[in-house]
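In what follows, chains are A, B, ... by sequence order, proteins preceding strands, each numbered from 1.
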Amino acid sequence: MKEPEEILKPESQHFIEQAIEKDLSEGKNGGRVHTRFPPEPNGYLHIGHAKAICLDFGMAEKYNGKCNLRFDDTNPTKEDVEYVDSIKEDIQWLGFTWEDREFYASDYFGKLWDFAVTLIKRGLAYVDDQSAVTISEQKGTTTQTGNYSPHRDRSIEENLDLFFRMNEGEFEEGSRVLRAKINMASPNMHMRDPIIYRILKTPHHRTGTKWKVYPMYDFAHGQSDYFEGITHSLCTLEFEVHRPLYDWFVDQLMDSDYRPRQIEFNRLNLTYTVMSKRKLLELVKDAVVSGWDDPRMPTLCGLRRRGYTPESIRRFVDLIGYTKVEAINDVSLLEYAIRENLNERAPRVFGVLKPLRVIITNYPEGKTENVELINNPEDESQGKRQVPFSREIYIEQEDFMEDPPNKFFRLAPGQEVRLKGAYIVRCQSLKKNDAGEVTEVYCTYDPETHSGLPLADRKVKGTLHWVSAEHVLDAEVRLYDRLFNDEDPSGHKDKDAREFLNPDSLAILTGCKVEPSLASAKPLDKFQFQRLGYFCVDYDSKAGKLVFNRTVSLKDTWAKLNK
RNA sequence: UGCUCCGUAGUGUAAUUGGCAACACGUCUGACUCUGGAUCAGGAAAGUUCAGGUUCGAGCCCUGACGGAGCAACCA
């Protein structure tokens with residue numbers, strides 16, 4: 001029971017919720033909350049985007065508003081439809097919907113063009129004929145003000161004429177740009193007559209060859225927000241310095257009380273991985289990983305293939321919160337989130353990764369009995385299943401030691417152990433190969449100790465998982481570890497993240513043995529291999545050739561003791 | 001040496017807006033257990049970057065240092 005005080009205590013709100021509620025209480029924008037998620041279709045979504053998605057869609061949901069999906073497709077040289085589809089799939093997978101509000105910045109190219117023309121007519125924009133380097137040099141530095149372009153005071157007529165001809169394809173790429181006339185002496189570099197249109201002759205994935213000029217991000221984003229009636233434009237911290245420019249354009253556009261507002265929050269960084277699209281793309285291109293959906297990638301498709309659930313990702317995002325502090329979040333919290341989720345939903349099964357043959361010498365040859373096992377002790381509704389048991393079984397190599405240390409609760413010569421759901425067995429002898437490796441272990445069982453019988457309650461130090469040798473299915477199991485050995489591989493000034501790649505991030509195990517109930521397992525099905533961890537069926541898996549990915553291991557205090 | 005933003009246990013966040021610094025993960029004990037998982041009970045760990053100031057009272061307000069990040073793409 002909660003104390004009354006606790007119930008009354010308001011949930012603490014993060015700074016964005018506070019800002020939204022303040023706007024609402026002041027009656028801004030007619031009490032509407034309307035957000036947008038604005039991905040550029042130039043790569044796959046990663047868990048950092050999930051943080052933004054949860055906020056954009058989450059705030060809309062919380063305040064009875066809407067959230068648009070808007071592709072920020074203003075640069076045809078980098079963007080592609082391939083990415084549009086994957087982005088939509090990933091957002092839906094996370095459990096969010098934009099209903100019929102799927103928009104593109106390119107939907108507004110006409111309006112944006114008109115707005116640019118208006119700015120020219122108001123004397124607030126001009127065509128500059130200078131080269132990129134000259135413009136850049138003239139811009140000054142962070143400590144020195146910039147200089148005026150010689151074309152800054154062209155006549156409105158000449159600007160209009162040039163701008164139209166730019167779009168007719170009359171000029172080469174890079175030969176002319178349209179600039180906003182703001183302030184070359186501004187301490188904010190983004191206000192020093194920013195370029196708002198450039199000539200690009202690459203066909204656009206939606207508008208084809210209709211346009212020869214394309215708006216820059218700063219000239220498209222805020223305006224798109226405005227056109228869509230967005231009230232809260234939530235983005236990451238690095239856009240903080242863009243805000244004055246965002247507001248400047250909105251000022252020129254406004255014709256009522258409505259105005260969109262940009263608020264910035266901290267992006268998600270995860271330990272032992274990289275998050276920039278560029279770096280992820282490099283890993284894919286250089287075949288460091290098998291693709292965007294390699295289970296070691298922090299992409300949503302990678303995490304999905306690894307066995308992460310949408311719930312676990314949303315829970316994780318919820319746990320880390322939104323602030324303005326640039327933080328680096330511990331992967332162990334992500335792992336906590338998936339363990340917590342899978343613990344309650346994943347059925348338990350027996351799978352042996354590195355098999356060791358065990359022969360129960362006093363168990364009748366040729367006999368098979370079915371043993372009943374609980375599918376999930378955390379969820380009775382998942383029921384029970386039958387697992388075959390027989391004279392020859394496999395156990396985990398790690399569960400046997402010829403010469404064990406003190407606290408080893410598993411099988412060893414002369415020691416007793418419980419075979420989960422079956423019998424208590426005692427190790428009598430073993431067989432080794434020429435290399436001195438144990439190849440077979442001989443045990444005797446006590447028929448009176450079958451699970452459920454009174455004598456089964458005898459205290460035994462350890463309980464092992466097992467599979468009946470005659471009934472097993474062969475499987476391949478892929479064990480994943482962190483992609484980088486360094487907590488913050490991108491955080492070294494003079495070192496490339498690639499120098500910290502973990503050479504052991506993938507271990508492929510073949511000849512693994514799993515229980516027969518797994519025969520019909522389909523890709524993305526999730527299981528707990530008892531005592532080992534959570535595993536997910538890979539897309540490569542086929543009937544007769546099962547492939548599992550290890551999502552995350554179980555917490556292993558025994559392994560920790562041995563460190 | 002310009003502008004903007006940020007400094008709270010190891011990490012991520014809270015602190016009802018000026019009232020004895022809390023929660024989660026991680027970590028350490030112990031209990032329980034037919035998963036060395038889960039669960040349960042308990043512990044250690046920051047005096048809020050520093051120095052001044054305002055105040056009866058400051059993590060919160062002010063000033064100044066120090067530290068970190070972002071910004072000078074015809075990228076987003």
Review point. Does A/K324 make a side-chain N or O approach to OP1 or OP2 of B/G7 shorter than 4.0 Å?
Key: no

Point to revise | Given B/G36, B/U17, B/A38, the nucleotide with the shortest approach to the side chain of A/F408 | key: B/G36

Point to revise | The single option from A/R278, A/K277, A/E82 passing side-chain hydrogen bond (donor to acceptor under 3.5 Å, both in side chains) against A/N42 | key: A/K277

Practice item. Select base, sugar-phosphate, or nothing to describe what A/Q528 touches, counting heavy atoms under 4.0 Å on all strands. Key: base

Point to revise | Whole-Å gap separating P (B/G12) and CZ (A/R267) | key: 16 Å

Check your understanding: Should the pair A/E396-A/R410 be classified as a salt bridge under the 4.0 Å nitrogen-to-oxygen rule?
Key -> no

Exercise for review: For B/U54 and B/C66, measure between their P atoms and round to the nearest Å.
Suggested key: 24 Å

Review point. Can a side chain N or O of A/R531 be found less than 4.0 Å away from OP1 or OP2 on B/G36?
Key: yes

Review point. Looking for any heavy atom pair under 4.0 Å, which part of the strands does A/F409 touch: base, sugar-phosphate only, or nothing?
Key: base

Point to revise | Side-chain donor-acceptor pair present, A/D486, A/H492, cut-off under 3.5 Å | key: yes

Point to revise | C1'-based separation of B/G43 from B/A9 [nearest Å] | key: 14 Å

Point to revise | Spacing of A/K555 atom NZ relative to B/U39 atom C1', expressed in whole Å | key: 11 Å

**Study point:** Polar contact flag, side-chain donor to acceptor under 3.5 angstrom, A/Y322-A/E17
**Key:** no

Practice item. Quote, to the nearest angstrom, the P distance that separates B/C5 from B/A41. Key: 45 Å

Practice item. Give one of base, sugar-phosphate or nothing for A/G452, where a contact means two heavy atoms less than 4.0 Å apart. Key: base

Review point. Any N or O donor-acceptor pair linking the side chain of A/R410 to the base of B/G36 at under 3.5 Å?
Key: yes

Review point. Distance between the C1' atoms of B/C6 and B/C60, in whole angstroms?
Key: 15 Å

Review point. How should the glycosidic conformation of B/U39 be described, syn or anti, under the criterion that syn lies within 90° of 0?
Key: anti

Study note, to complete from the structure: B/G59 glycosidic conformation (syn if within 90° of 0, otherwise anti) is anti

Revision key, fill the gap. Closest to the side chain of A/N329, out of B/U35, B/G12, B/C5, is B/G12

**Study point:** ring pair (Phe, Tyr, Trp, His ring centres under 6.0 Å) between A/Y197 and A/F163, worked out
**Key:** CA-CA 9 Å; A/Y197 261 97; A/F163 188 44; 5.2 Å; yes

Exercise for review: Check whether the side chains of A/T273 and A/R482 place a donor and an acceptor atom closer than 3.5 Å, and report yes or no.
Suggested key: no

Review point. Atom CG of A/D330 to atom P of B/G12: distance rounded to whole Å?
Key: 9 Å

Practice item. Give A/E396 one of three labels, base, sugar-phosphate or nothing, depending on what nucleic acid heavy atoms sit under 4.0 Å from its own. Key: nothing

Practice item. Using whole Å, report how far CD1 of A/I328 lies from P of B/G7. Key: 18 Å

Review point. Can you tell me if A/S332 and A/D330 form a side-chain donor-acceptor pair at under 3.5 Å?
Key: yes

Check your understanding: Could you spell out the base pairing of RNA chain B in dot-bracket, with Watson-Crick or G-U pairs whose two distances are under 3.5 Å, [ ] crossing and | to another strand?
Key -> .((((((..((((.....[..)))).(((((.......))))).....(((((..]....))))))))))).....

Review point. Whole-Å distance between B/G37 C1' and A/F350 CZ?
Key: 13 Å

Revision key, fill the gap. Whole-Å distance, A/E487 CD to B/C25 C1', equals 14 Å

**Study point:** Between B/U29 and B/C61 - P atom distance, rounded Å
**Key:** 41 Å

Point to revise | Candidate pair A/E240 and A/K324, rule salt bridge (charged side-chain N to carboxylate O under 4.0 Å, His left out), full reasoning | key: CA-CA 10 Å; A/E240 221 150 17; A/K324 301 191 72 147; 2.9 Å; yes

Check your understanding: Reckon A/N266 has a side-chain N or O less than 4.0 Å from the OP1 or OP2 of B/U13?
Key -> yes

Point to revise | P spacing across the pair B/G18 / B/A31, given as an integer number of angstrom | key: 48 Å

**Study point:** Contact state string [nucleotides 70-76 of chain B, B base, S sugar-phosphate only, - no protein heavy atom under 4.0 Å]
**Key:** BBBSBSB

Practice item. Check step by step if ring pair (Phe, Tyr, Trp, His ring centres under 6.0 Å) holds for A/Y83 and A/F71. Key: CA-CA 10 Å; A/Y83 299 118; A/F71 289 97; over 10 Å; no

Review point. Within this structure, what is the NE2-to-P distance between A/H14 and B/A15, rounded to whole angstrom?
Key: 12 Å

Exercise for review: Kindly say whether, by distance alone, the side chain of A/R348 makes a donor-acceptor pair under 3.5 Å with the base of B/U35?
Suggested key: yes

**Study point:** Span that lies between the C1' atom of B/G42 and that of B/C50, in whole angstrom
**Key:** 36 Å

Exercise for review: With C1' as the reference atom in both, quote the distance from B/A21 to B/A14 in angstrom, rounded to an integer.
Suggested key: 9 Å

Check your understanding: Yes or no on salt bridge (charged side-chain N to carboxylate O under 4.0 Å, His left out) for A/R70 and A/D107, after CA distance, side-chain angles and deciding distance?
Key -> CA-CA 10 Å; A/R70 182 173 72 231; A/D107 295 341; over 6 Å; no

Check your understanding: What nucleotide among B/A69, B/G12, B/G7 has an atom nearest to a side-chain atom of A/I320?
Key -> B/G12

Review point. Using a cut-off of 4.0 Å on non-hydrogen atoms, how would the nucleic acid contact of A/K212 be classed: base, sugar-phosphate, or nothing?
Key: nothing

Check your understanding: Do any side-chain nitrogens or oxygens of A/T463 fall under 4.0 Å of OP1 or OP2 in B/U33?
Key -> no

Study note, to complete from the structure: In whole angstroms, the gap separating P of B/C5 from CZ of A/F15 amounts to 13 Å

Check your understanding: NA contact type, A/Q530, heavy-atom cut-off 4.0 Å: base, sugar-phosphate, or nothing?
Key -> base

Check your understanding: So, A/D73 and A/R206, do they make that salt bridge, N to O below 4.0 Å?
Key -> no

**Study point:** is_close_aromatic(A/Y423, A/Y445), centroid dist under 6.0 Å
**Key:** yes

